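Just so it is clear, the structure is predicted and the values come from calculations on it, not from any experiment.
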Amino acid sequence: MIQDLLTQVTSQLERLVPQGIKVEEWPDNALKKKLSGPKGSILVKYQGAKMHNAEELGCAPSPSNYPLEREVKISVTVASVALNGQGGALELLDQVTTILGGFEPTGWQAMIPIEDSAMGQVQNHNLYAVLFKITSS
């Protein structure tokens, strides 16, 4: 379920971000990995989930409906050498928020951006992340 969600989010970004931006799921040892896109990189990461069971949602409990609903948080990190201007990290952050805000992967409700934040610099790249929440359908 989660892996399929990450694959759908990654595919949506790959289709719609500008050429030269590498999109991938968050790799092992991400901060040591070379950020390899010529114009920047986007990393998609599962941040965790809150489970809602039948009683919380006012339904009759049964083994088949646990968890009945899952609210997942997905973090998308952008990395770019430039901070401002065309192709910079801030522009890329806005593009990611626009591309994924409202996106409805199969089996899920629309993605909702919650917050974004600066994450500093790694390998001379400016890093920013936007956090989304999404609920299973």
J.: Should Y46 and V23 be counted in the same cluster of Ile, Leu, Val, Met, Phe, Trp and Tyr side chains packed under 4.5 Å apart?
T.: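 Both belong to a single hydrophobic cluster.
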J.: With hydrophobic residues grouped by side-chain heavy-atom distances under 4.5 Å, do V96 and L16 end up in a single group?
T.: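 The answer is yes; both residues are in one hydrophobic cluster.
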J.: Sequence neighbours left out, what pairs pass side chain to side chain donor-acceptor pair (under 3.5 Å) with at least one residue falling in residues 8-19?
T.: D4-Q8, Q12-R15
J.: Establish whether V44 and I134 are linked, either directly or via other cluster members, by ILVMFWY side-chain heavy-atom contacts under 4.5 Å.
T.: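 Linked within one cluster.
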J.: Between side-chain atoms of residues 78-94 and protein atoms elsewhere (two or more places apart, or another chain), which donor-acceptor pairs fall under 3.5 Å?
T.:
residue : atom : partner : partner atom : Å
S80     : OG   : A82     : N            : 3.4
S80     : OG   : A82     : O            : 3.2
S80     : OG   : G87     : O            : 3.1
E91     : OE1  : G87     : N            : 2.5

J.: Give me the one residue out of T135, L5, L6 that meets side-chain contact (heavy atoms from CB on, under 4.5 Å) with V72.
T.: L5
J.: Taking only residues two or more places apart in sequence, or in another chain, which ones meet K39 in a side chain to side chain contact (heavy atoms under 4.5 Å, CB included)?
T.: I21
J.: Does E25 have any side-chain hydrogen bond (donor to acceptor under 3.5 Å, both in side chains) partners at least two apart in sequence or in another chain, and if so, which?
T.: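 Expected list: Q3.
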J.: Do V9 and M111 touch side chain to side chain, with heavy atoms closer than 4.5 Å?
T.: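 The answer is yes; the side chains approach within 4.5 Å.
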J.: Output the distance between atom CD1 (I74) and atom CD (Q47), rounded to the nearest 0.5 Å.
T.: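 Nearest 0.5 Å value for the CD1-CD distance: 8.0 Å.
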J.: Check side chain to side chain contact (heavy atoms under 4.5 Å, CB included) between A129 and all other residues, then give those that pass, not counting sequence neighbours.
T.: S75, T77, M119
J.: Is any side-chain heavy atom of Q95 closer than 4.5 Å to one of P18?
T.: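 Yes, their side chains come closer than 4.5 Å.
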J.: Working to the nearest 0.5 Å, report the span between NZ of K133 and NZ of K73.
T.: 8.0 Å
J.: Spell out, yes or no, whether L43 and L13 are grouped together once hydrophobic residues are joined by side-chain heavy atoms under 4.5 Å, including indirect joins.
T.: no
J.: Applying side chain to side chain donor-acceptor pair (under 3.5 Å), which residue pairs with at least one partner in residues 97-122 are found, sequence neighbours left out?
T.: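 Pairs touching residues 97-122 that pass the test: Q121-N126.
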J.: With a 4.5 Å cut-off on side-chain heavy atoms, are P113 and L100 touching?
T.: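 Not touching, per the 4.5 Å side-chain cut-off.
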J.: So if you build clusters from Ile, Leu, Val, Met, Phe, Trp, Tyr with side-chain heavy-atom gaps below 4.5 Å, do Y128 and L131 land together?
T.: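 Looking at the clustering, L131 is in a separate group from Y128.
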